[in-house]
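This report refers to the structure that appears directly beneath it.
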Number of protein chains: 2
Amino acid sequence: MLTIGKLGEAAGVKVPTIRYYEQIGLLPEPERSAGNQRLYGSKALDRLAFIRHARDLGFPLEAIRDLLSLSDKPDQSCAAADIIAKEQLEAVKARIARLTALKAELERMITQCAQGTIADCRVIEVLSDHALCADDHRPKPGAGAESGATT
Amino acid sequence: MLTIGKLGEAAGVKVPTIRYYEQIGLLPEPERSAGNQRLYGSKALDRLAFIRHARDLGFPLEAIRDLLSLSDKPDQSCAAADIIAKEQLEAVKARIARLTALKAELERMITQCAQGTIADCRVIEVLSDHALCADDHRPKPGAGAESGATT
DNA sequence: CTAATGTCTCTAGCAACTATAGCTTCAAGG
DNA sequence: CCTTGAAGCTATAGTTGCTAGAGACATTAG
């Protein structure tokens, strides 16, 4: 039986984070010692490692919650898990594309900022001017109010 | 003169976000109409577009605050802006590397999850097992408690 | 037995917004 | 001129995924 500190050490997760996961229902309430301290078995360690990994891979906690509920009934089809993973993959690809554009932009900014004064420097300008921007996040002309998801 | 709604539309920023930026001091307090409504000129639009771009490029608001303070005094050296951009570039490169590893992991997971049942599916397994993980976030054996600054 | 560490609960804070409530102001139509 | 509906106002609370602190109790090493 592990105390919360040992568990956190074993899984690479901080102690308050474990309590947080319990609080939001990702981890079940563990046994308690005579003195009311949490005691965990190896199953809790597995589950926590799972969560830790999934978080490292960028899964939001809600997706992890779904994944865990799937793993709790292993006789079902894994199509649902597959879908979750694929959604994450798409999100990750989008993030990479975005960051790559961003990297080019920053490199250009740095190249053009050749130790002059800011008046000569385009760092500010690049960020102010839509026309210089590789990305097309400007409001489309005639698109009206886009009150939708900006995330 | 633009109302807050028009400004938001023009810059692609939601209205409450503009008020939030004002609240935290990224945007100056604008003029008000007779009826106490905010009125913005084109300088505010530039500034907001700047912020929007910088946010899109992943700059934290504090870095943007620095950048804005630089652009407010354009006779100084742009070395400081250069440093900020370089720091961001490093962070961006790191994020791309991390996401690329992550993408490989997810693709592997999806490949191995070949529409069987979860018992046959490695999505869960991949996330449970450290040994299958490309990343090395497990606690080093013999490293003891890493109670140091994790942030 | 004592001292130091670990754990307990609870609350508050971080970034960077977003959403709600309840009111006032503005612009356009009748 | 007046009404109506959208847009604006302030203020507060919620979101996500934790992290940090206070003050009290438990456990363990010496």
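Owing to the predicted nature of the structure, the values given are computational and were not obtained by experimental measurement. In the text below, chain A, chain B and the rest are named by the order of the sequence lines, each starting its count at 1.
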Between [options], which one does the side chain of [X] approach most closely?
{"X": "A:R55", "options": "D:dG17, D:dT19, C:dA16", "result": "D:dG17"}
{"X": "B:L61", "options": "D:dG17, D:dT10, C:dC17", "result": "C:dC17"}
{"X": "A:V15", "options": "D:dG17, D:dT19, C:dT7", "result": "C:dT7"}

query = What pairs with B:R65 under side-chain hydrogen bond (donor to acceptor under 3.5 Å, both in side chains), at least two apart in sequence or on another chain?
reply =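 For B:R65, the residues satisfying side-chain hydrogen bond (donor to acceptor under 3.5 Å, both in side chains) (neighbours in sequence not counted) are B:E62.
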request  = List in chain and number order the residues that pass side-chain hydrogen bond (donor to acceptor under 3.5 Å, both in side chains) with B:E22, two or more places apart in sequence or in another chain; answer none if no residue qualifies.
outcome  =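 In terms of side-chain hydrogen bond (donor to acceptor under 3.5 Å, both in side chains), with neighbours along the sequence ignored, B:E22 is linked to B:R38.
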query = Can you check whether A:L39 reaches A:P30 side chain to side chain, under 4.5 Å on heavy atoms?
reply =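 They are not in contact (no side-chain heavy atoms under 4.5 Å apart), so the answer is no.
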ask   = Is the closest side-chain heavy-atom distance between B:L27 and B:I51 below 4.5 Å?
value =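 A side-chain contact under 4.5 Å exists here.
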message = The criterion is side chain to side chain contact (heavy atoms under 4.5 Å, CB included); which residues satisfy it with A:S42, sequence neighbours excluded?
response =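 Partners of A:S42 under the side chain to side chain contact (heavy atoms under 4.5 Å, CB included) test: none.
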Counterpart residues, side chain to side chain contact (heavy atoms under 4.5 Å, CB included), relative to B:K93 (two or more places apart) =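 Testing B:K93 for side chain to side chain contact (heavy atoms under 4.5 Å, CB included), a comparison that skips the adjacent residues, returns A:K103, A:E107, B:L89, B:E90.
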request  = Could you tell me whether B:R38 contacts a base, only the sugar-phosphate backbone, or nothing, with contacts defined as non-hydrogen atoms closer than 4.0 Å?
outcome  =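 Sugar-phosphate, no base atom in range.
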inquiry  = Under 4.0 Å, counting only non-hydrogen atoms across every strand here, what does B:R19 touch: a base, just sugar-phosphate, or nothing?
reply    =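 B:R19: base contact, heavy atoms under 4.0 Å.
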Any donor-acceptor pair under 3.5 Å from B:R52 side chain to B:G12 backbone =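 Side chain of B:R52 to backbone of B:G12, a donor-acceptor pair under 3.5 Å: yes, one is there.
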[N] [atom2] sits how many Å from [X] [atom1], rounded?
{"X": "A:E9", "N": "C:dT7", "atom1": "CD", "atom2": "C1'", "answer": "15 Å"}
{"X": "B:R52", "N": "C:dA16", "atom1": "CZ", "atom2": "P", "answer": "15 Å"}
{"X": "B:K6", "N": "D:dG8", "atom1": "NZ", "atom2": "C1'", "answer": "13 Å"}
{"X": "A:M1", "N": "C:dT7", "atom1": "CE", "atom2": "C1'", "answer": "17 Å"}
{"X": "B:I51", "N": "C:dA16", "atom1": "CD1", "atom2": "C1'", "answer": "13 Å"}
{"X": "A:I18", "N": "C:dC8", "atom1": "CD1", "atom2": "C1'", "answer": "14 Å"}
{"X": "B:I4", "N": "D:dA7", "atom1": "CD1", "atom2": "P", "answer": "13 Å"}

Nearest atoms (heavy-atom pairs only) where [X] meets [Y]:
{"X": "A:R55", "Y": "A:P60", "answer": "NH1-CA, 3.8 Å"}
{"X": "B:I64", "Y": "B:F50", "answer": "CG2-CE2, 4.2 Å"}
{"X": "B:L7", "Y": "B:L45", "answer": "CD1-CA, 3.6 Å"}

N or O in side chain of A:T17 less than 4.0 angstrom from D:dG17 OP1/OP2 =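 Checking D:dG17 against A:T17, no side-chain N or O comes under 4.0 Å of OP1 or OP2.
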ask   = Would you say a side-chain N or O of B:K14 is under 4.0 Å from OP1 or OP2 of C:dC17?
value =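 Checking B:K14 against C:dC17: no side-chain N or O falls below 4.0 Å of OP1 or OP2.
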task = Classify every nucleotide of nucleotides 25-30 of chain D by which part a protein heavy atom approaches to under 4.0 Å, writing B for the base, S for the sugar-phosphate alone and - for neither, in 5'-to-3' order.
result = -SS---
5′-ward residue of the pair A:P16/B:R32 relative to DNA chain D =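 So the residue in question is B:R32.
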request  = Give me the residues of residues 20-30 of chain A where at least one heavy atom lies under 4.0 Å from an atom of DNA chain D, by number, or none.
outcome  =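 DNA chain D contact set from residues 20-30 of chain A: A:Y20, A:Y21.
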